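Note that the structure is a prediction, hence the values are computed from the model and not measured. Throughout, a chain's letter reflects where its sequence line sits, starting with A, and its residues are numbered from 1.
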2 protein chains.
Amino acid sequence: MSQHRHPGASGRAGVVPALPDLPEATVARLPEYLRALHNLAETGHETISSEGLASAAGVNSAKLRKDLSQLGSYGTRGVGYDVALLIDQIEYVLGLTQRRAVALVGVGNLGHALAGYDGFATRGFRIAALFDADPKRVGEEISGLVVRHIDDLPRVAAEEAIAIGVIATPAAAAQRVADELVAVGVTSILNFAPCVLSVPDGVDVRKVDLAIELQILSFHEHRKASLTRLPATGGSTLTALPGGLAAPDTQEAIGT
Amino acid sequence: MSQHRHPGASGRAGVVPALPDLPEATVARLPEYLRALHNLAETGHETISSEGLASAAGVNSAKLRKDLSQLGSYGTRGVGYDVALLIDQIEYVLGLTQRRAVALVGVGNLGHALAGYDGFATRGFRIAALFDADPKRVGEEISGLVVRHIDDLPRVAAEEAIAIGVIATPAAAAQRVADELVAVGVTSILNFAPCVLSVPDGVDVRKVDLAIELQILSFHEHRKASLTRLPATGGSTLTALPGGLAAPDTQEAIGT
DNA sequence: CGCGATTTGTGCACGTCTTCACAAGCGCCT
DNA sequence: AGGCGCTTGTGAAGACGTGCACAAATCGCG
């Protein structure tokens, strides 16, 4: 289903405009801009040019300007962007004006680390409850929170307005946990389990798989190694030892 | 991400073909296919159709076929793909035929969890060494590995062929660690610190930021909430409570 | 008050990714 | 052997994202 934009319907009365529907690629970059802006604010900057903010966020300046223009931004030509204003803008668009409650399910190896990760607290979220299915883990206290049994999820969800569920269970349990989260009204899930979740329409799932990230890097390693074995067109002097098909590890080959 | 491709290095005769340079989007999906294929192999499947594999991997079947065709695939029309053969193909392309050594820097909250995460070991990697800058942490044993001081990195890198560096330090230390990794020849970095790393050309960096993932979800939550408040086209004016349990009927499909 | 320096916002062209739709190929059954 | 149903591989078209280049807008200064 294509989303239709309302070109002229932005004239909503009030200071807070209706949410524009941003391109996904832009949404994915806004948090990075926000982090860079907070850094800039702490170092005393009141305004920042698109070039400066772009390099702080690790992107191209044209892309950044286009992204910010999507949210009807308020930059000043010849000057730049007001840092504080832009922070407010982005935080509003991302829905960070309220501190959203997060439920974390699975307090194993990774769950422990996530429960103690202060990046959540400092960037707009509050871990409201920890859950696990293992009775031996229920009752344990982690970072000031007591682990509850997953069966208590409905009751806790009724008390706290859980906005986001984080799944840090083994893959085998992830789908059932997702179903239970959806059942209590959670519509956003961050999944660390290496499996595909199926959820009804209207529920957003984002997946983080650490091994996949490494495998992508491995591909590039593999490709770089195979390139150095081939004679390059520019005649670089990097011809390593040609070990035939049994490729030895290209150790510290790149020396800039 | 800043790689340039070498034109003309294609059709190379021989048993092991030269690496085709795949689209990044395809590379990012191959690990997911691989995981699904391993599941299928364990459940006894010998062949699988593109439709079946696609649904197991959570993608569209046309996309999957195009992805696999990129690597000169070996499907059989009317039958499907040979599971074992496809696993070998993908593992070769991803460079997983050798078990790559990973150096993990920063054994704080997150680093501890990563050191104990068995998904690395089971999916083609070996954590070869742990490092930290804090003398109080040096010497500690985690999952059978002793934490070394970051200053020992050059010596360890000379012994083990470190292929990938994982940074799990605070943001303030990440850039220096990255520089040191690059200095000892590491050309692939997985960065968990919330900051932008600058590295020379030829070094790949992938970033995982847990708070950013939550913020992206927060945006969609915010948008969904604002949509339910507005009367949709032909709208049934059901006013859902914030965090309500009712599933509204007019939810837009959100690309994940 | 006007001019030049600077920086934003954006039209446009280009490249990448996705999706559809269908011909080509394969195995099975008669 | 031949036909039929099923599945892959791919051309083409459309959607999406990116980057250039420049007009429009703003500030500071003489």
Side-chain angles (χ1 to χ4, degrees), chain A residues 1-5 7 10 17 20-30 32-33 36-37 40 45-83 85-86 89-90 216, chain B residues 1-5 7 17 20-30 32-33 36-37 40 45-83 85-86 89-90 216 252-256:
Chain A
M1 292 307 163
S2 64
Q3 305 176 352
H4 32 268
R5 43 184 45 241
S10 61
D21 51 349
L22 307 171
E24 263 303 304
T26 296
V27 174
R29 282 187 293 264
L30 287 181
E32 196 70 50
Y33 302 157
L37 284 165
L40 289 166
H45 295 73
E46 298 204 344
T47 65
I48 184 70
S49 71
S50 67
E51 197 72 48
L53 180 53
S55 85
V59 301
N60 176 306
S61 72
K63 200 188 309 194
L64 179 132
R65 286 201 299 277
K66 190 152 285 189
D67 282 341
L68 294 188
S69 77
Q70 302 275 4
L71 33 115
S73 98
Y74 290 86
T76 307
R77 298 180 186 214
V79 176
Y81 298 91
D82 182 296
V83 172
L85 179 62
L86 199 48
Q89 273 276 321
I90 295 179
I216 295 172
Chain B
M1 300 282 281
S2 62
Q3 307 301 317
H4 290 302
R5 41 200 64 206
D21 50 352
L22 307 171
E24 262 304 304
T26 295
V27 174
R29 282 187 294 264
L30 287 181
E32 197 71 50
Y33 303 156
L37 284 165
L40 289 166
H45 295 72
E46 298 204 345
T47 64
I48 183 71
S49 70
S50 66
E51 197 72 48
L53 181 53
S55 84
V59 301
N60 176 305
S61 72
K63 200 187 311 194
L64 178 130
R65 285 201 300 278
K66 187 148 283 189
D67 282 341
L68 294 188
S69 77
Q70 302 275 3
L71 32 116
S73 100
Y74 291 84
T76 307
R77 299 179 186 217
V79 177
Y81 297 91
D82 183 295
V83 171
L85 180 61
L86 199 47
Q89 272 278 320
I90 295 180
I216 294 171
E252 295 241 18
I254 296 169
T256 49

Rounded to the nearest angstrom, tell me the gap between atom CD in A/Glu51 and atom P in C/dT8. 8 Å
For the pair made of CZ in B/Arg65 and P in C/dA21, what is the distance, rounded to whole Å? 13 Å
Minimum-distance nucleotide to A/Arg77 side chain [options: C/dC26, C/dG9, D/dT18]: C/dG9
From the options D/dA24, C/dC20, C/dC17, select the nucleotide whose nearest atom is closest to the side chain of B/Asn60. C/dC20
Check: A/Leu64 and A/Tyr33 side chains under 4.5 Å, non-hydrogen atoms: yes
How many whole angstroms separate atom CG of A/Asp82 from atom P of C/dT7? 16 Å
Look at the side chain of B/Glu24 and decide which nucleotide, out of C/dA24, D/dA23, C/dC17, has an atom nearest to it. C/dC17
CG (B/Leu40) and OH (B/Tyr81) are apart, to the nearest 0.5 Å, by 13.5 Å
Would you indicate, yes or no, if C/dT18 has its OP1 or OP2 atom less than 4.0 angstrom from a side-chain nitrogen or oxygen of B/Arg29? yes
Between atom CD in A/Gln70 and atom P in D/dT18, what is the gap in whole Å? 11 Å
Nearest 0.5 Å please: distance from the CG atom of A/Leu53 over to the CD atom of A/Glu32. 10.0 Å
Strictly below 4.0 Å: does B/Ser50 bring a side-chain N or O up to OP1 or OP2 of D/dT7? no
Whole angstrom value for the distance that separates P of C/dT8 from CG of A/Leu68: 9 Å
Which is more 5' along DNA chain D, the nucleotide nearest B/Ser49 or the one nearest A/Val79? Just name the residue. B/Ser49
In this structure, how many angstroms lie between the C1' atom of D/dG17 and the CG atom of A/Leu64, rounded? 15 Å
Against the side chain of A/Ala62, the closest entry in D/dG19, D/dT8, C/dT8 is D/dG19
Please round to the nearest 0.5 Å and tell me the distance separating atom CG of A/Leu71 and atom CG of A/Leu22. 6.0 Å
Please give, in whole Å, the distance from C/dC22 P to B/Lys66 NZ? 15 Å
What nucleotide among D/dT8, D/dT18, C/dT8 has an atom nearest to a side-chain atom of A/Tyr81? C/dT8
Measuring from B/Lys63:NZ to B/Ser50:OG, what's the distance to the nearest 0.5 Å? 13.5 Å
Between C/dC26 (P) and B/Tyr74 (OH): distance, integer Å: 14 Å
